[in-house]
Amino acid sequence: MRKTLTAALGGTALLCSGQALAAGNSVAQAIQKLHLSAQQLLSVRDFLGTFARGTDIEASGSGLFILRDSASMNYSGEFSLSANADGSVEIERVSGPATLDASRAVTLPLKLDRKSTAQALKALGNSPALVPKPSAAPPPGTTQPIEAAPAPALAPSLPPPQLARLKLTNPQATGIVSQARATFFRDGSGYAHSFRAQIPATDLVSTPLRVSDKYFAPVQSDGVKVYRAAIVEIDSDLQIALADLETRYGCDAATCKPVHGARPVSNGNHFIKWTRVLVASVPAPLLAQIAPPPATPAIGAAQGGSPAAASSAAGTPPAPVTAPAAVPDKPRAEPSPTPSPTGGG
């Protein structure tokens, strides 16, 4: 069933605001089935962004959505939505005359320097994306010594910049092709890998392949605004044709490993960092889920008790009380008569 861009994005907005889904909105229904956190919903919304005016979205099953020109119904791209076992959500999108092939993977040949890697790691913070993989189990039939020293903890590392392989819609296809894959975890932290290329690339100097890595800090709130502490982006122009990516860096999706060895000529990495990036247009129900809990008042103050009682309830011994010094008794002064409101005596 084909739905216009307005219907699809409107359904997603309704989902984010906790209202009922628009009838027949396949994109919003697919997002609802993923059971995402509030932080993930906002991340997916912002990553998908907007499509060209006059674009229809057609559900193709298994979380795949086809983009078509609403006038000619010609194919213009597609995107997929899926949930992973670790609780993350993955979105992959291609624009142009190409389709996604999830059975094959391509590792983008973008090498980060030490500074860029450190900044990306800092932005991700304690994101599950950086949890090191456990060490391999001993081979079957062998036992591990009882007093063996524990394996040293692995330093966190960035995930490899992998995308699905692309298939051109026809061998003579021409134009611009762009592809991006993003992964967001329950706290909203995540990363995105993307590239943009010209086909056919007859001159790699004037039409290089632009690759980019982007890393997102967790989504958080101060109770009023929703923001990310940082977003880090590293991009570079590579002198390589789109067809050569699969030939040189493609592999089976289940066994693909990071790229090693010679890389294409690059114009150098460009590093950009944004701090305290606001998330715009956050619906009130999502803001309530992300906002920190209200501060709990002291038990004694909440019950109207004395500071000593509050200290005792908090587990802190009260301060010693010193009796006031004795003073001689003085004659008690009688209060002066209060004037009558009418001024009479």
Table please: side-chain donor-acceptor pairs of residues 74-86 below 3.5 Å, with sequence neighbours left out.
{"unit_1": "Asn74", "atom_1": "ND2", "unit_2": "Ser72", "atom_2": "OG", "d": "3.1"}
{"unit_1": "Tyr75", "atom_1": "OH", "unit_2": "Glu78", "atom_2": "OE1", "d": "3.0"}
{"unit_1": "Tyr75", "atom_1": "OH", "unit_2": "Ala98", "atom_2": "O", "d": "2.6"}
{"unit_1": "Ser76", "atom_1": "OG", "unit_2": "Leu67", "atom_2": "O", "d": "3.2"}
{"unit_1": "Glu78", "atom_1": "OE2", "unit_2": "Leu100", "atom_2": "N", "d": "2.8"}
{"unit_1": "Asn84", "atom_1": "ND2", "unit_2": "Ser88", "atom_2": "OG", "d": "2.9"}
{"unit_1": "Asp86", "atom_1": "OD1", "unit_2": "Ser88", "atom_2": "N", "d": "3.0"}
{"unit_1": "Asp86", "atom_1": "OD1", "unit_2": "Ser88", "atom_2": "OG", "d": "2.6"}

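- Partners of Ser43 under the side-chain hydrogen bond (donor to acceptor under 3.5 Å, both in side chains) rule, at least two apart in sequence or in another chain, are Arg228.
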Test side chain to side chain contact (heavy atoms under 4.5 Å, CB included) on Val232 and Ile234 and set out the steps. CA-CA 7 Å; Val232 170; Ile234 306 99; 3.7 Å; yes
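- The side-chain contact (heavy atoms from CB on, under 4.5 Å) search around Leu36 returns Ile31, Leu34, Gln40, Leu41, Val44, Val89, not counting sequence neighbours.
- Tyr227 belongs to a hydrophobic cluster with Leu278, counting contacts under 4.5 Å between side-chain heavy atoms of Ile, Leu, Val, Met, Phe, Trp and Tyr, direct or through other members.
- Contacts classified as salt bridge (charged side-chain N to carboxylate O under 4.0 Å, His left out) and involving residues 172-201 (residues at least two apart or in different chains) are given here: Glu90-Arg181, Glu92-Arg181.
- Screening residues 92-126 for ring pair (Phe, Tyr, Trp, His ring centres under 6.0 Å), with sequence neighbours left out, gives no hits.
- By the side-chain hydrogen bond (donor to acceptor under 3.5 Å, both in side chains) test, Tyr191 pairs with no residue at all, sequence neighbours left out.
- The side-chain hydrogen bond (donor to acceptor under 3.5 Å, both in side chains) check on Asp222 picks up Arg276, with sequence neighbours excluded.
- A side-chain donor from one of Asp113 and Ser116 sits under 3.5 Å from a side-chain acceptor of the other.
- Of the candidates Lys273, Glu233, Arg114, Gln119 forms a side chain to side chain donor-acceptor pair (under 3.5 Å) with just one, namely Lys273.
- Gln179 contributes a side-chain N or O that, together with a main-chain N or O of Ala164, makes up a donor-acceptor pair within less than 3.5 Å.
- Legend: residues meeting ring-ring contact (aromatic ring centres under 6.0 Å, His included) with Phe195, ordered by chain and number and at least two apart, are absent.
- Between the side chain of Ser60 and the backbone N or O of Leu64 there is no donor-acceptor pair closer than 3.5 Å.
- Scanning for salt bridge (Lys or Arg N to Asp or Glu O under 4.0 Å) contacts around Asp235 gives an empty result, with sequence neighbours left out.
- Partners of Thr275 under the side-chain hydrogen bond (donor to acceptor under 3.5 Å, both in side chains) rule, at least two apart in sequence or in another chain, do not exist in this structure.
- Partners of Phe185 under the ring-ring contact (aromatic ring centres under 6.0 Å, His included) rule, at least two apart in sequence or in another chain, do not exist in this structure.
- Ion pairing of Asp237 with Arg210 is present here, as a side-chain N (NZ or NE/NH1/NH2) and a carboxylate O approach within less than 4.0 Å.
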